[in-house]
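Every chain is numbered from 1, with letters handed out A, B, ... down the list of sequences. Note: hydrogens, waters and symmetry copies are ignored here, and every other heavy atom, side chains too, is used.
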Protein chains: 2
Amino acid sequence: MEVGGGSGPGWDKLLYMFEEGNARMRQILGGKGANLAEMTRIGLPVPPGFTITAQACVYYSATGSFPSGLDEALDDGIRALERRTGKSFGGEGEPLLLSVRSGAAVSMPGMMDTILNLGLNDRTVRGLAGATGDLRFALDCYRRFLTMFGNVVLRIPHDRFEDRLSAEKARVNARYDVDLGPESLERLCGEYKQLIRASSGSDFPQDPRQQLAMAVRAVFESWNNPRARVYRQVNRIPDDLGTAVNVQCMVFGNTGSDSGTGVVFTRDPATGARELYGEYLPNAQGEDVVAGIRTPRPISQLAGDMPQVYQELVRLCELLERHYADIQDIEFTVEHGRLYVLQTRAAKRTAAAAVKAAWDMAQEGLLSREEAVLRVDPDQVVKLLHRNIDPRAKLEVLATGLPASPGAASGRVVLDADRAEELGQQGERVILVRPETTPDDIHGIVAAQGVLTSRGGMTCHAAIVARHMGKPCVVGCDAVRVEPDSRELRIGERRLREGDLISIDGATGRVILGEVPLVEPELSPEFQGILAWADEFRRLKVRANADTPQDAQKARSLGAQGIGLCRTEHMFMDAGRLPVMQEMIMAETEEERKRALDRLLPMQQKDFEGILKAMEGYPVTIRLLDPPLHEFLPNVEELAVEVAKGRLLLELEGGDAGPSGGAGAAGEGGARVGRSSRAISPGDLARKEEVLRKARALAEFNPMLGLRGCRLGIVYPEIYHMQARAIFLATAALRRAGIDARPEIMMPLVGHPRELEVTRALVQQAAEEVRRETGVDVTCPIGTMIEVPRACVAADRVADHADFFSFGTNDLTQTTFGFSRDDAEGKFLPIYLEQGILRDNPFAVLDGDGVGVLVEMACRLGRKTRPDLKLGVCGEHGGEPRSIALFHRFGLDYVSCSPYRVPIARLAAAQAQLRETVGEREKVGE
Amino acid sequence: MEVGGGSGPGWDKLLYMFEEGNARMRQILGGKGANLAEMTRIGLPVPPGFTITAQACVYYSATGSFPSGLDEALDDGIRALERRTGKSFGGEGEPLLLSVRSGAAVSMPGMMDTILNLGLNDRTVRGLAGATGDLRFALDCYRRFLTMFGNVVLRIPHDRFEDRLSAEKARVNARYDVDLGPESLERLCGEYKQLIRASSGSDFPQDPRQQLAMAVRAVFESWNNPRARVYRQVNRIPDDLGTAVNVQCMVFGNTGSDSGTGVVFTRDPATGARELYGEYLPNAQGEDVVAGIRTPRPISQLAGDMPQVYQELVRLCELLERHYADIQDIEFTVEHGRLYVLQTRAAKRTAAAAVKAAWDMAQEGLLSREEAVLRVDPDQVVKLLHRNIDPRAKLEVLATGLPASPGAASGRVVLDADRAEELGQQGERVILVRPETTPDDIHGIVAAQGVLTSRGGMTCHAAIVARHMGKPCVVGCDAVRVEPDSRELRIGERRLREGDLISIDGATGRVILGEVPLVEPELSPEFQGILAWADEFRRLKVRANADTPQDAQKARSLGAQGIGLCRTEHMFMDAGRLPVMQEMIMAETEEERKRALDRLLPMQQKDFEGILKAMEGYPVTIRLLDPPLHEFLPNVEELAVEVAKGRLLLELEGGDAGPSGGAGAAGEGGARVGRSSRAISPGDLARKEEVLRKARALAEFNPMLGLRGCRLGIVYPEIYHMQARAIFLATAALRRAGIDARPEIMMPLVGHPRELEVTRALVQQAAEEVRRETGVDVTCPIGTMIEVPRACVAADRVADHADFFSFGTNDLTQTTFGFSRDDAEGKFLPIYLEQGILRDNPFAVLDGDGVGVLVEMACRLGRKTRPDLKLGVCGEHGGEPRSIALFHRFGLDYVSCSPYRVPIARLAAAQAQLRETVGEREKVGE
């Protein structure tokens, strides 16, 4: 970076009086400074002041000294303030006191915040006392200033000041700070100055001008303190932005009962209701509100306490809200009945408030409909779509795992699926807690309110199944240790028994002790209104990922325009079907396999009839079988252990004195082992060994990259043929009944054009068979997932055989990065995010510089071959707003996401379109 | 395809007389026809004839009938032949007899081959007898013709003719065919005609013109027979090439002792020696040589039998070899002392012969040096670089697995590593046979001649270690079942005991019963000469992948110009180091880990000193630790079984009547279990449980995509720091000793620029530390593997932090396709290759349309950022000729491959360069 004595663009002017700036000058004046200038400009009662530019800070950071001209500019600024106020900075008579506050363009934790009452010293404190006629007030200000200056500028720990304050209160038997008299305050000021000398090695600076220089320097330096640096690194905020410094004349809320200080929101930030919301403290400075020493009063009480001030405040709120066209969060101070605004900014608000306010403001004419749609943060409104923990509840969080499926649930701990089913049937609410889940646990997951596992990542079995069922789920929670023998559970240090109550929050990963109050989700009329507008604006269509008629119905009610991904594997996980599926897998010949498939066919047909009917008139993209077959078999390690134990016991029994005798002689542990040994008969053992053999043969080193997807359809064409037949038979049956069924068939994991060519031919053959058998033309679009990089670079040739592409961005992210999500999220991704190697989890937000490049390439190449190629995305990114903006830019036709995210996607799609055309006004007012 | 009555380009002329064509007309005349035309053109004694074009066949395939004009062209052709020979086709007097042979542009198995003596019928056979004065000869010709016509054209099984021939021989007590007299032959001809009528439903066609039309049609149809179609599909030969048909006047080698037929190679196809090689049969037709009825004589004997013919043959061979500038494989016939050439083609030859002939021909001035280098097939000469099974040996192949590491070995079966070591130390040659190998087996692999496993793919532990050690290895051989309890081995149906002799061929995957004779590899002076020329021509540099000084030395002696990949993980697999490595992995704190790393540091330093010294003056690219840490720990499933059994036994012991009593009462099986239970003490069990816990924590769902590569260096920076220190300390020590050590440091698995930035900084810090400690500047290039697609698409930003890229095409292929090599090669890749979905195994030959696109993109983007970026490849493709041609085209600086493939790579790199500049002459003569 080039720095040169105050010259060059942005360096010409180092200091702006508030009246010289405006809201658009955030990069120079910071957010706070720009808003103070704006308010001054439109004539609001802002105490006069000036802002030192962020560029001055940048110079200071690089050189360690003020840019030349800054000292002179400060002198000029102070002179201007003296002129405006008639007070004198460090002079005799009524002293000019200042507040010094940092304010970067982006708000940033860890930076120095505020010094009040700067300008006081042993002499001016007397002037203040004289001018106000209130010695106690003046000394109290001095005491506060010494504390803040000592702590913030000279870095003396705050509690060293607090200790002395407490000691003095104890000495004079005072309960509150305000109970301290002038003598006590005078004594404290003396002690503080001693503390400063002892700690910093030099006297407290009596010269106000020196105080100011030191305070500005402290603000500059806080830009580079470690916390701020780390924050910038993680958030990729450039180091060379710098922070501005706001210097403003003090006004005093602590000058008596006609004074006070407070914070007000122009609308209720919790509900969005159009009424002032906030609180104030009479006779107090801002820090008293924060410190919580006295209980503040609700803002409405100001109407009674100071009716005129209240009227003025109401007028001011209306004006600011209208000016910024957004809910404002305003700091104010009343000094002897006169209202001053110290700060305004866009208010932080709940999701519900954001939606309601945007809708109301559009009705009121404050916002256009486009602006109202842009105003709602899609990431935030996710919360409105799931059952949540009441935000007011006090929680005892035991541990935190991965947030695998959003929503919250409470229930009794159960440690196995059978018990979950049993209690569930009795109407108990249960949380199934397992080391990890397998297909054998499905009935337990169905019966449970939510699922908690100690192992697994965001795509482990439990996570996928729970998301699919819309059930809350927390996975990979290392702190949870299941102890099946004792039917106990350890979470960190705490020991729970089966039957104890816990709660989980699948949106944050929290595991909470006991039952917690939940709030039900709702789609408010305002939200529905905003979404209806969004639908008018967006170009991207929104579909849902759904595998059951229930989910399809849900998605449709939330506005889905089709199913973008109907997985067929979960259909086989059903307790009634899994055995048949396993039979199919265990088959040693094509004929045996076909027999099992023949039994699965009518089940599949029924599945497809259900979902096609539920989505009548809308397209339903059905993906043929994708996961590796071993996912349908039990875990190899567990089986191997069972078999080994079984063998050992059979051997021992054979040579033992006698089974019952041995077991009878054993203690409790021995007896249990004895029983379990009897439980494995030689026949059962042989059967288990057979399953183990097959499971081992099917086991893979890297299942993600193994025999799955269309590879299954090529190795076992009879499986895909059965599925295609089931789809077409369902279609024929529905169409004959006058129902507009619109299937689309999708091949998973295609990398080479020939894979699609071959499987497509197989499906077309099934269509032709069904046409011949039923007389119904069941032709439908046939397309492919794009989820390995090879498909992207060869997309032109893949498109030769595809009616549509659907980007499977989960797997595409895994293969593009060479990350397995299950392994990465547990093992190294957290470290990558913490160290800022990656800015976002690429499984949550599409990686635009890597995966996005491939997606864009595939779109371009695919459309080159087939300009009418339909393009969609069905990975989880399809429901994530920033990713949706990219998909919009890439020219996709639709995104598909879980039913609960459909409203989010509708909103985000509209925003992507609007940002292209309308741009954003709201940035200005932040 | 458009076909139109003989019009359009290529259709104008359906038939070429031999004298109208030349060698360049392969696409029209096929290979055989083009060479017959060429020989006719240069005046060699070729019996007159003509060729029907491949385009006529294409028309026939599409329409089922001859193109218009073909019949007339055939009539014209026959008339021309009648004029040339003075004989008459089907007429009175001496009949014109023809051979009809197929001949496509590409030679293809499964197509119809040859019909001889066409034109004979009940009448012309008398003419032939009259003209030759030899009734027996004429009838023998007729008998042969009826057999071939009946079999090839009318598709009557050959053995139905053979049966009748055998019956007649038995009837008259004849030993050989030639012992049959005219009466027998006459009877046979009658029986054959009856057979033809009975089988085909109509009489044998007496009209020669009809015979010819039927024969031509049969050749056309053979183009589309199933075997030919499948062959074309697999080999991606277009279906619309068609085959030409060669019609040629018969000459007869079976007209007495001054006649004969034979095959001659212009040089010895086994050794390349410059001497005629071949054999001939006096008084015989071509088929007799093939049928092996009489033993042919070596060609040298012709010099004594027919000196003039021999002289003529020698002259003709010289002329043809000089004309085609290649070894020729020539068919000839002598009719009454007159020599005729019936076919010439480039001779199939052994690798040794190819090398020697190319070298010799260049010395003789037949080839330029460039042509000589182009003439040697790099894929073929691989064989010259490993110990091989003597090609003359008779083998009993028991099973075939994956060819994991080339070379052949024989030895006694051993079923565990300890036993292998024990016998190895006694000087026994052993083959280690395991279900799969783990790091615990290293000492056994070291001691063994070769390794055979029943599980695993081309990158399983056994395969990698064996390739690394240059030991023959066959993996994933399903048919092999190890039965450790009985110390037996089942291979398919056969049962072997430990100690039995077997052999393996790691180049083909064959497992062979017993000991087999082996031939040692050699780099002949001719091969070295060719390679020296290749070095002059090539632009690509060639490096080797080597991890030990021994391998580096070997690579250097084979011409490597550096080490392109020095893996550091195998250094930790050593028996003495594995425990320290495991200690490092088991460490619970950074401090514990550092203590173990401190012990590993001097070991690593010694490793690096060795290899840097061995490669003095050449760059050595060292890759920091890459594999997931669990690879250094025992297998989880086995551990879990051990622990479960151990627990069970301890429990039972605790509650049992008494351990010794129980065991004593047990039978043999029980006793063994009893002993093994005693083997696990509670202390050992606890230790094993601890290892299991850690191994489980480190276990991954998809290790390929897990915590490995530079991710290790980011999560555990102390590991990479130790390795970098070891490299720099080694460099400093060597440089101080005056040795020119040139390390280059490479980060594995980088996908995001920040990963490289962070690890590079870590390494640079270590360099700075070592510089300060030793005073030696150890700065060295730091670069990255490019092995995930993300690194390719973001290569411009990755290059910001890289001095070089080295493409890890193994992993890049896995991630681009989404194939795990270990799973794909065992499970679905064979089916993909068989069905022609993929033409080549992408792990053997770089996938140009997919992976290659990414490699090219990375080269382009990387050089955009840094024009001097050094580019190399260190995946196995670096030693594969077709892939090397691609790397040459992409502008890489070097390829790196296993030491044994260095000569191959040198040759292939030269050919890639020459093909760009010189082009290829040899294609013409094939």
Side-chain angles (χ1 to χ4, degrees), chain A residues 636-637 640-641 644-645 648-649 651-652 654-657 662 665-667 669-670 673 700-707 711 714-715 749 751-752 754-755 758 787-790 793-794 797 811 814-820 822-824 827-828 831-832 835-838 847 849-851 853-854, chain B residues 636-637 640-641 644-645 648-649 651-652 654-657 662 665-667 669-670 673 700-707 711 714-715 749 751-752 754-755 758 787-790 793-794 797 811 814-820 822-824 827-828 831-832 835-838 847 849-851 853-854:
Chain A
V636 169
E637 186 190 323
V641 167
K645 279 172 144 180
L648 184 56
L649 286 166
E651 270 182 75
L652 289 173
D656 224 3
V673 172
E700 294 181 303
F701 297 98
N702 295 285
M704 225 326 271
L705 308 177
L707 177 52
R711 298 161 199 170
I714 288 167
V715 174
L749 217 67
H752 194 285
R754 287 275 295 157
E755 293 176 313
V758 167
E787 49 188 338
V788 298
R790 198 187 188 289
V793 300
R797 299 212 31 232
D811 276 7
Q814 300 198 82
T815 46
T816 302
F817 273 92
F819 283 179
S820 154
D822 284 332
D823 301 312
K827 294 217 157 71
F828 56 88
I831 295 169
Y832 268 48
Q835 295 193 5
I837 289 173
L838 293 174
D847 162 49
D849 298 335
V851 181
V853 174
L854 287 171
Chain B
V636 169
E637 186 190 324
V641 167
K645 279 173 147 180
L648 184 57
L649 285 165
E651 268 184 75
L652 288 174
D656 224 6
V673 171
E700 295 180 303
F701 297 97
N702 297 285
M704 227 322 275
L705 308 176
L707 177 52
R711 299 160 198 170
I714 288 167
V715 174
L749 219 68
H752 195 287
R754 288 276 295 157
E755 292 176 314
V758 167
E787 50 187 337
V788 299
R790 198 186 188 289
V793 301
R797 297 212 32 233
D811 276 7
Q814 300 199 83
T815 46
T816 302
F817 273 92
F819 283 178
S820 155
D822 284 333
D823 300 312
K827 294 218 158 68
F828 56 87
I831 295 169
Y832 269 48
Q835 295 192 7
I837 289 172
L838 294 174
D847 162 50
D849 298 335
V851 180
V853 174
L854 287 171

Discussion item. Looking at every heavy atom in both B:N702 and A:S820, which two are closest together, and how far apart are they?
Written reply: ND2-OG, 3.3 Å
Worksheet item: Considering only heavy atoms, which portion of B:V641 lies under 4.5 Å from any heavy atom of chain A: side chain, backbone, both, or neither?
Response: both
Report the option among [options] that has the most heavy-atom pairs separated by less than 4.5 Å from atoms of chain A.
options                        : result
B:G818, B:G751, B:A640         : B:G818
B:V853, B:I837, B:V793, B:D847 : B:I837
B:E755, B:E700, B:H752         : B:E700
B:R754, B:R790, B:E637         : B:R790

Fill in: Validation row: B:L648, A:L649 side chains within 4.5 angstrom (heavy atoms)
yes
Discussion item. I'd like to know whether A:T815 forms a side chain to side chain contact (heavy atoms under 4.5 Å, CB included) with A:M704, so could you lay out the CA-CA distance, the side-chain angles of the two residues, the decisive distance to 0.1 Å, and finally the verdict.
Written reply: CA-CA 9 Å; A:T815 46; A:M704 225 326 271; 4.1 Å; yes
Worksheet entry | Chi angles and distances behind the side chain to side chain contact (heavy atoms under 4.5 Å, CB included) call for A:V788, A:L749 | CA-CA 7 Å; A:V788 298; A:L749 217 67; 4.1 Å; yes
Fill in: Pairing residues for B:F828 by the side-chain contact (heavy atoms from CB on, under 4.5 Å) criterion, not counting sequence neighbours
A:L707, A:R711, A:V715, B:F819, B:A824, B:Y832
Worksheet item: Which of the residues A:V758, A:I831, A:I714, A:V636 is involved in the greatest number of heavy-atom pairs with chain B at under 4.5 angstrom?
Response: A:I714
